[in-house]
There are 2 protein chains.
Amino acid sequence: MDISARIETAISRAIAEGQAGAAPPKLASALEYALTPGGARIRPTICLNVARACGDDKPGLADAAAISIELIHCASLVHDDMPCFDDADIRRGKPALHKAYGEPLALLTGDSLIVAGFEVLARAAHHDCERAIELIRILGQRTGMPFGICAGQGWESEEKIDLSAYHRAKTGALFIAATSMGAVAAGHEAEPWEELGDRIGEAFQVADDLKDALLDAEEMGKPAGQDVANARPSAVTELGVDGAVQRFKDILSGAIASIPSCPGEAQLAQMVRMMAERLIPAPARQAAE
Amino acid sequence: MDISARIETAISRAIAEGQAGAAPPKLASALEYALTPGGARIRPTICLNVARACGDDKPGLADAAAISIELIHCASLVHDDMPCFDDADIRRGKPALHKAYGEPLALLTGDSLIVAGFEVLARAAHHDCERAIELIRILGQRTGMPFGICAGQGWESEEKIDLSAYHRAKTGALFIAATSMGAVAAGHEAEPWEELGDRIGEAFQVADDLKDALLDAEEMGKPAGQDVANARPSAVTELGVDGAVQRFKDILSGAIASIPSCPGEAQLAQMVRMMAERLIPAPARQAAE
C-alpha cells in the first residue's frame, strides 16, 4: 500500500473507533468533519517515510504513530480556530468546526481527538510494547507542557515571548514528533532524528510566511495576510520574499544533511526535497528563479 | 505513606514536570492553579484503595494510575466551567480558571492536563510495560469517544438524550476508570472491577443531586440550585430528599456487594462506606434518620 493509502485507511479506522456503540451522534459526526477531507497530511507522510527509511519492520506501529500525530494536529486546528484564539471562519475551504457545530462541540472534538491520538498508540502496542510506550511518551512531550504545541500556543499569552521556544514548540514540535516517532516505530533511536524534524518545522514556518504574504484566502483555504494584520513575526517581513526563499533553501539543505545514516537515506532525502518543492507557493518559486 | 500523601506527592511531581524548562510562565502557573488545592481527590483515592485491596505490588504504577485520572478530572472541570459550557464563575471556592487566566489559557490548560494524564502513565511504564499500556487504554476509553467523559458531555448537545449512556459516560466513566485502573496497576483484570466503579458513579450522582438541592453556594464552593435552574434530571426532583437518600443507600449496598474477591476485600468495603458517609450532605443525613 502506498503511504497516502496507509494514512487514509488508518484515519478511517480511528474515526470508526470514535463513532462506535452509543456515541452522541453530533460529536461523532464532528470527529469525522475535523479529520476529512484531510489537508496535505504532511506530518504523517514524513513519519511513514522516516519509518520506511529505517526499515519499517512493524508497519502497524508506524501507521499508528503517523495517525496519532495527525489526530493531535487536527485537534490543534479545531481548538486554534475557536473564538478565544483565531476566531477563524474557514478551514481547509469549509466552515471552521465551531462554525459548523458550535463552540461546545468544537471544544469536545479537540479534546476527543487528543485522547484518540493516545488510544491509537495503545491499541497498536501488541506489535511491540516498549516501542509503543516510547511513542506515547514522545507524543505527549510534543503535544503538552512544557515543550509541545500547547506550550507553543501558551507563549502567545505572554507579554515577553521566548521566540525560539515559541517557534520550536508551536510549529516544530509535531514535525519533531513525526521524524522521531517514525524512527522509533521502526526500532531506531529517537534522538538522532530530532534535528530533521526541527529543520523541516523551520522550513514549514518560512513556507507558511510566504504563503500568508503571497496567496489569497481562496488559494489558502483560510484567511490570508494574517501575519501583517496581527503583527506576527514573519520571515517575509524580516527578509523580503527573495530573502525568505533563500532562507527556506538553506534550511532545507541543513535538513537533508542532518538525516542519520540508515538503509533508505537517499530515498528519504529525495522525499524531503519533493515535499519542500510543494510547500513553496508558485509566485515565490518564480520570484526566486 | 498514606493514600492522601501519595496522591499529593504524585500531583506535585506532575505539576513540576509540566513546568520544567522553558515553559510559558502563565500556562505553567495555570496548571498548578487547576490542580491545587485539590477537591476531595475522590477518584484517585478510590483507585489507590482498589490497588491496595489487590496487593499493590507496583505502587509507582498505582500512583501514576490514580494521578492520571485526577489530571483528566481537573481538565474536565476547567473545560466545563468555560463560557461555552457552564460559564461558571467559581470552582472549589476560588475564581474558575478562565476567570483567573482568561479563556485561551483555560482551553490550553485543559488540553495540557489531558496530555499530562497519558504522560504520567508512560513515565511509569518502566514498572511494567504491559500493565502501563492497559492503563493507557482504559484512561483513553473512559475519557474520549465513544464511552468517556467527552462523550458524556457531548450528549448535552443532542436534542434526544440517551440518558443511560449520558450518565454512565459523564459521571460514571472516571469512577469506572478509578476502580479498573487500580486493579490493573496491581496486576488484576479490569473487567470484574467495572461494576464497583459504575455503582460508585451512580451514588456520586445522587449525592451531587442532594448537595445541589440542599446546600448553598458557599458550602459547595460552586453555584447551587443548578439542577432546578437548568431543568436537569435529578434524583431529588424525581424522588424527593428521603427517596433520594434511600436510593443512595441501595446503590451503596450494591456497590459493596459487587467488590470482587481479593485480599483486601473487607477493608475496601469499609472505605467505600466511609467515603459514602462523607458524600451525603448533613441535612440529608439528618432528614433520613
Side-chain angles (χ1 to χ4, degrees), chain A residues 17-28 31 75-76 79 82-85 101-108 110-116 118-119 121-123 125 129-130 132-134 136-137 139-141 143-148 150-158 162 164-166, chain B residues 17-28 31 75 79 82-85 101-108 110-116 118-119 121-123 125 129-130 132-134 136-137 139-141 143-148 150-158 161-162 164-166:
Chain A
E17 293 276 357
Q19 294 177 333
K26 285 181 195 163
L27 183 53
L31 287 184
S76 80
H79 280 179
M82 286 181 67
C84 69
F85 285 117
Y101 289 87
E103 278 189 66
L105 286 171
L107 185 46
L108 291 173
D111 290 356
S112 303
L113 290 174
I114 296 172
V115 175
F118 292 96
E119 284 190 283
L121 292 171
R123 272 199 296 272
C129 193
E130 305 282 343
I133 283 290
E134 175 70 355
I136 289 166
R137 192 194 62 73
L139 189 72
Q141 181 189 23
T143 302
M145 278 279 281
F147 302 119
C150 290
Q153 191 80 0
W155 278 111
E156 296 183 6
S157 292
E158 298 291 334
D162 178 337
S164 119
Y166 168 60
Chain B
E17 292 277 357
Q19 294 178 333
K26 286 181 195 162
L27 183 53
L31 288 184
H79 279 180
M82 286 180 69
C84 70
F85 285 116
Y101 289 86
E103 278 189 66
L105 286 171
L107 185 45
L108 291 173
D111 290 356
S112 303
L113 291 174
I114 295 172
V115 174
F118 293 96
E119 285 191 282
L121 292 171
R123 271 200 295 273
C129 193
E130 305 283 343
I133 283 290
E134 175 70 355
I136 289 166
R137 193 194 62 71
L139 189 72
Q141 180 189 21
T143 302
M145 277 280 282
F147 302 119
C150 290
Q153 191 80 0
W155 278 111
E156 297 184 5
S157 291
E158 299 291 333
I161 297 187
D162 178 336
S164 120
Y166 168 60

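Values below: every heavy atom of this structure, side chains too, minus hydrogens, waters and symmetry copies. Every chain is numbered from 1, with letters handed out A, B, ... down the list of sequences. Only a predicted model underlies this, so the values are computations on that prediction, with no experimental measurement involved.
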Test side-chain contact (heavy atoms from CB on, under 4.5 Å) on A/Gln19 and B/Met145 and set out the steps.
CA-CA 7 Å; A/Gln19 294 177 333; B/Met145 277 280 282; 5.7 Å; no

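Contact count versus chain A (heavy atoms, under 4.5 Å) is highest, among B/Leu105, B/Leu121, B/Asp162, for B/Leu105. Between chain A and the residues B/Pro83, B/Ala28, B/Gly154, B/Ala75, the largest count of heavy-atom pairs under 4.5 Å involves B/Gly154. With chain B as the partner, the residue from A/Pro24, A/Gly18, A/Cys84 showing the most heavy-atom pairs under 4.5 Å is A/Pro24. By number of non-hydrogen pairs under 4.5 angstrom with chain A, the leading residue of B/Leu113, B/Leu139, B/Ile136 is B/Ile136. Per-residue heavy-atom pair counts under 4.5 Å with chain A were compared for B/Phe85, B/Tyr101, B/Phe147, B/Tyr166, and the maximum is reached by B/Phe85. Of the listed residues (A/Gly110, A/Ser76, A/Ser112, A/Ala106), the greatest number of heavy-atom pairs within a distance under 4.5 Å of chain B belongs to A/Ser112. Of the residues considered (B/Gly21, B/Ala20, B/Gly102), B/Ala20 shows the highest number of contacts with chain A, using heavy-atom pairs under 4.5 Å. When the candidates B/Gly152, B/Gly144, B/Gly148 are compared by the number of heavy-atom contacts under 4.5 Å with chain A, B/Gly144 comes out ahead.
Taking all atoms of both residues into account, the shortest heavy-atom contact from A/Gly140 to B/Val115 is O-CG1, 3.4 Å. The minimum heavy-atom distance linking A/Ala132 with B/Ile133 is given by the pair CB-CD1, 4.0 Å. Across B/Pro146 and A/Ala23, no two heavy atoms sit closer than the pair CB-CB, 3.5 Å.
With a 4.5 Å cut-off on non-hydrogen atoms, A/Leu31 touches chain B through its side chain but not through its backbone. Using a 4.5 Å cut-off between heavy atoms, B/Ala116 makes no contact with chain A at all. With a 4.5 Å cut-off on non-hydrogen atoms, A/Pro25 touches chain B through its backbone and its side chain both.
For A/Glu103, the salt bridge (Lys or Arg N to Asp or Glu O under 4.0 Å) test picks out no residue, with sequence neighbours left out. Listed by chain and number, the residues in a salt bridge (Lys or Arg N to Asp or Glu O under 4.0 Å) with A/Glu17 are A/Arg123 (sequence neighbours excluded).
Aromatic ring pairs are classed by plane angle as parallel below 30°, tilted from 30° to 60° and perpendicular above 60°; the pair B/Phe118 and A/Phe118 is parallel.
Between the side chain of A/Glu130 and the backbone N or O of B/Cys129, no donor-acceptor pair lies under 3.5 Å. A distance-only check finds no donor-acceptor pair linking the side chain of B/Gln153 to the backbone of A/Leu108 [under 3.5 Å].
To the nearest 0.5 Å, the span separating CD1 on A/Ile114 from CG on B/Asp111 amounts to 4.0 Å. Put simply, OG on A/Ser157 and CG on B/Leu27 are 8.0 Å apart, with the number rounded to the nearest 0.5 Å. Rounding to the nearest 0.5 Å gives a distance of 9.0 Å between CD of B/Glu119 and CZ of A/Arg137.
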